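Just below is one structure, and these are the notes that go with it.
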Amino acid sequence: QFTEGSVDIQSFAELLQRVTRRAEKSADIFRGFVDLGSGRGHAVLVAHALFPFRQCVGYEIDQEAMDAAKTAIRQYMQSGFVLS
């Protein structure tokens, strides 16, 4: 069986900050962010909103979680917070 976990946004952002803090924006580490078993997409949204990843992708097999993630992404895109 699958267990849904929830990403603590602040802790996850701090973790990504520690991992990437010395990297320049053009560094290979920012080529892409991939989350396998992304659930409702919180980690993907944090990575996209707070870090200069050139591509952020989440993969999820649970349809309900995927639908919730798509809704969250639509709201994020419409929020005006996304920079082109």
Side-chain angles (χ1 to χ4, degrees):
Q1 287 296 330
F2 300 107
T3 302
E4 182 180 350
S6 184
V7 170
D8 179 79
I9 293 172
Q10 183 175 348
S11 296
F12 186 67
E14 290 171 1
L15 173 69
L16 282 180
Q17 176 62 34
R18 277 185 248 133
V19 170
T20 63
R21 70 177 156 220
R22 293 191 178 114
E24 305 233 355
K25 287 184 179 183
S26 61
D28 193 48
I29 196 168
F30 292 120
R31 180 180 52 180
F33 176 86
V34 177
D35 185 10
L36 302 177
S38 58
R40 298 179 184 277
H42 295 164
V44 177
L45 290 173
V46 167
H48 186 271
L50 301 179
F51 296 90
F53 288 103
R54 293 185 283 284
Q55 181 179 21
C56 295
V57 178
Y59 293 95
E60 179 56 58
I61 61 172
D62 181 87
Q63 189 63 49
E64 184 178 322
M66 192 170 17
D67 291 343
K70 288 178 181 180
T71 298
I73 289 168
R74 271 193 300 277
Q75 291 172 343
Y76 170 63
M77 298 298 284
Q78 294 170 353
S79 72
F81 187 66
V82 181
L83 300 175
S84 300

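Throughout, residue positions are numbered sequentially from 1 according to the sequence presented. The structure presented is a predicted model; accordingly, all values stated were derived computationally and were not measured.
Residues satisfying the side-chain hydrogen bond (donor to acceptor under 3.5 Å, both in side chains) test with Ser26, not counting sequence neighbours, are none. Qualifying ring pair (Phe, Tyr, Trp, His ring centres under 6.0 Å) partners for Phe30, counting only residues two or more places apart in sequence or in other chains: Phe53. With sequence neighbours excluded, the residues satisfying side chain to side chain contact (heavy atoms under 4.5 Å, CB included) with Asp67 are Gln63. Partners of Ala49 by side chain to side chain contact (heavy atoms under 4.5 Å, CB included), not counting sequence neighbours, listed by chain and number: Tyr76, Phe81. Val46 meets the side chain to side chain contact (heavy atoms under 4.5 Å, CB included) test with Ile9, Phe12, Ala13, Leu50; sequence neighbours excluded. Residues passing the side-chain hydrogen bond (donor to acceptor under 3.5 Å, both in side chains) test with Glu14, sequence neighbours excluded: Gln10. Under the side chain to side chain contact (heavy atoms under 4.5 Å, CB included) criterion, Lys25 pairs with Pro52, sequence neighbours left out.
Between Ser38 and Glu60, the closest heavy-atom pair is N-OE1, 3.3 Å. What you find for Gly39 and Ala69 is that their closest heavy atoms are O-CB, 3.8 Å. Scanning both residues, Cys56 and Val44, for their nearest heavy atoms gives CB-CG1, 3.9 Å.
Rounding to the nearest 0.5 Å gives a distance of 11.5 Å between NE2 of His42 and CG of Asp8. His48 NE2 to Gln55 CD: the interatomic distance, rounded to the nearest 0.5 Å, is 10.0 Å.
In the hydrophobic clustering, Val34 connects to Leu36, Val57, Tyr59, either directly or through intervening members, whenever side-chain heavy atoms lie under 4.5 Å apart.
Tracing side-chain contacts under 4.5 Å through hydrophobic residues (I, L, V, M, F, W, Y), one reaches Phe33 starting from Leu15; they form part of the same cluster.
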Using a 3.5 Å cut-off and no angle test, enumerate the donor-acceptor pairs between side-chain atoms of residues 17-24 and protein atoms at least two apart in sequence or in another chain.
{"from": "Thr20", "atom 1": "OG1", "to": "Leu16", "atom 2": "O", "distance (Å)": "2.7"}

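The list of salt bridge (Lys or Arg N to Asp or Glu O under 4.0 Å) pairs with a residue in residues 26-36, not counting sequence neighbours, reads Asp28-Arg31.
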